[in-house]
Amino acid sequence: MQNRRNFLKTVITGSAFLVLPMRAGAFFKNSSTRITLLHTNDVHSQIDPFPKNHGRFAELGGFAQRAALVNKIRSENEHVLLLDSGDIFQGTPYFNYYEGSLEFKLMSKIGYDAATLGNHEFDNGIESLNRQLIHAKFPFINCNYDFTGTLLEGKIAPYKIFRKGNVKIGIIGLGIDPAGLIAQSNFTGIRYNDPVKAGDSTAKMLKEKEKCDIVIALSHLGFKMDFGRIDDLQVAASTQYIDVILGGHTHTFMNEPVIETNAAGKPVIIHQSGQSGVRLGRIDLLFDKEEIKSASKQYDVK
Amino acid sequence: MQIIRFAALALFLILFSCNQKLVHRIENHYMIRVDSTVGVDSALMNYIKPFRDSIEGIMADVIGTSPKPLIAKKPESELSNFVADLVFEAGKQFLKEQNITDGDVFCIINIRGLRAPMPQGEITTRSIFEIMPFENQLVAVKMNAENLHLLFEHIAKSDGDGLSGASFTLKNEEAYDIHIGGKPIDENKTYWVITSDYLADGGDSYNVFKKSDTHLVSDKKVRELIIEHIKELTSQNRAVEPDKTPRITTISN
């Protein structure tokens with residue numbers, strides 16, 4: 001009995017010893033990891049800056065200009081993700097003559113990590129989009145279009161996982177309902193699924209099975225839409241596993257992220273960077289270990 | 001037994017510390033203006049240059065001439081008539097290629113979709129991109145007489161649009177004396193309306209087109225049709241000359 005009591009004491013001190021340094025660890029500044037999210041949407045083939053006489057965006061934008069900016073941010077930050085939310089195509093003669101190949105080549109050179117498909121990616125049809133995809137050295141992500149049986153089958157990833165430092169980041173893509181937006185002949189064989197359902201189930205899998213620390217949705221649904229179309233605000237409010245929505249389609253210039261409460265009562269960050277590459281959105285996220293105290297409650301060693 | 005329990009606890013804590021959940025928060029956010037202060041990546045600039053030069057070359061290509069500037073305005077104008085007429089001709093050709101011979105044909109294009117005037121003098125490819133920056137495609141919509149009346153009602157309400165192959169009298173936002181191919185609307189006939197996919201999909205509130213279940217979409221873009229037509233005129237040593245026949249006669253009260 002005596003021995004047993006002594007041993008129990010050892011267990012208690014032992015576990016206290018194990019627990020304490022970890023709790024203290026959360027207070028060490030260097031235990032945080034910063035992930036820098038850079039974001040564009042609706043760049044619409046704006047290869048060059050707008051001309052001097054442009055009414056709204058004179059001398060703004062341009063791929064070589066964005067590249068300089070991104071390079072600088074990358075040189076100052078270890079963990080950077082450069083993401084695009086679609087409608088890369090259409091808007092300048094570059095698209096009319098090069099069918100989007102130049103856009104993809106330049107995005108590859110700038111080092112985009114991922115993009116999702118906007119409705120305008122289908123402007124020249126599936127066959128043309130398929131031909132341009134070989135120029136993209138970054139993945140296209142979408143989880144609510146079913147490409148089975150089309151040329152794009154197996155070429156658009158439902159999700160991608162990125163590891164940055166100790167952080168595991170799941171990225172999904174959400175595409176808009178093509179009805180009334182994309183000519184039917186340009187979308188033949190692709191099935192559109194509910195972005196809320198497909199998005200949340202993919203995000204759930206990324207969190208629970210793949211143990212991602214965060215799920216980011218690249219969305220081309222639009223920030224706020226009329227006529228019953230599902231938008232980013234609805235996705236945020238009706239899902240449980242998506243943490244960040246980087247949006248597009250509505251060309252919304254947000255000076256700061258919008259925080260919406262999701263179906264589990266948790267905050268969702270929504271951001272959109274206007275259009276044409278005249279702005280580059282940037283969000284720095286800090287990742288810290290959750291305090292062990294609350295987590296250890298779930299486990300009772302018996 | 002106790003040793004096993006201790007070991008299990010220790011192991012659990014070690015494992016748990018490795019798999020410990022990460023929580024995130026926003027540290028900073030910025031919306032960075034991409035202006036001249038951000039600098040230029042010269043390697044990328046050099047990479048773009050030959051593509052830009054090539055595009056500039058195409059855009060600067062002189063495809064024809066216009067003796068005077070042509071503007072687009074409501075209820076009808078020289079530029080909208082010019083474009084409607086050439087789209088009408090292309091539409092008739094398109095229907096012929098589809099072996100469609102039934103029904104009378106006319107054309108409607110939206111004046112607000114013509115975004116710049118036709119310049120006086122030399123016309124470049126760029127001029128046409130400025131007039132028609134959209135990727136609108138030619139569409140033939142099959143319509144019955146009943147819906148045709150609704151269509152003209154809408155054209156009248158919106159103070160006219162670019163017509164070809166049809167005419168009417170506009171008074172108090174109402175359409176009177178509607179003629180298709182010189183004949184009044186035949187209530188038992190079907191008609192083909194040549195237009196753009198933008199209007200056919202209900203753009204500019206042309207919702208009446210959605211009442212038709214037959215939309216034939218061609219692979220011709222309206223801009224391409226304008227460029228081809230002007231090049232054809234040039235090859236015949238002709239300048240751009242809009243047809244002056246009035247299509248919409250406006251009567252003010």
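Chain letters run A, B, ... following the sequence lines, proteins first, then strands; residues in each count from 1.
Both the backbone and the side chain of A:Leu280 come within contact range of chain B, judged by heavy atoms closer than 4.5 Å. Only the side chain of A:Asn124 comes within less than 4.5 Å of a heavy atom in chain B; its backbone stays farther off. The contact between A:Pro93 and chain B is made by backbone and side chain atoms together, counting heavy-atom distances below 4.5 Å. Heavy atoms of A:Leu285 lying under 4.5 Å from chain B belong to its backbone as well as its side chain. The contact between A:Lys105 and chain B is made entirely by side chain atoms (from C-beta outward), counting heavy-atom distances below 4.5 Å. For a residue to count as touching a neighbouring chain, one of its non-hydrogen atoms must lie under 4.5 Å from one of that chain's; by this rule B:Arg223 touches chain A with the side chain only. Both the backbone and the side chain of B:Asp35 come within contact range of chain A, judged by heavy atoms closer than 4.5 Å. The contact between B:Tyr30 and chain A is made by backbone and side chain atoms together, counting heavy-atom distances below 4.5 Å. Using a 4.5 Å cut-off between heavy atoms, B:Phe51 touches chain A through backbone and side chain atoms alike. Heavy atoms of B:Ser42 lying under 4.5 Å from chain A are absent altogether. Within the 4.5 angstrom heavy-atom criterion, no atom of B:Val217 approaches chain A. Heavy-atom distances place no part of B:Lys210 under 4.5 Å from chain A, backbone and side chain included.
By the neighbour-count criterion of 12 heavy atoms within 6.0 Å, atom CD of B:Glu146 is sparsely surrounded, having that number or fewer from other residues, nucleotides or ligands.
In the model, B:Ser54 has a side-chain atom that pairs as donor or acceptor with a side-chain atom of A:Tyr98 under 3.5 Å. Side-chain contact of A:His39 with A:Ser273: a donor-acceptor pair under 3.5 Å is present, judged by distance alone.
In this structure, CD1 in B:Ile48 is found 5.0 Å from CG in A:Leu106, a value given to the nearest 0.5 Å.
Against chain A, no residue from residues 105-117 of chain B qualifies, as none has a non-hydrogen atom under 4.5 angstrom away.
Chain B forms more heavy-atom pairs under 4.5 Å with one residue of A:Asn255, A:Asn71, A:Asp48, A:Ile47 than with any other, namely A:Asp48.
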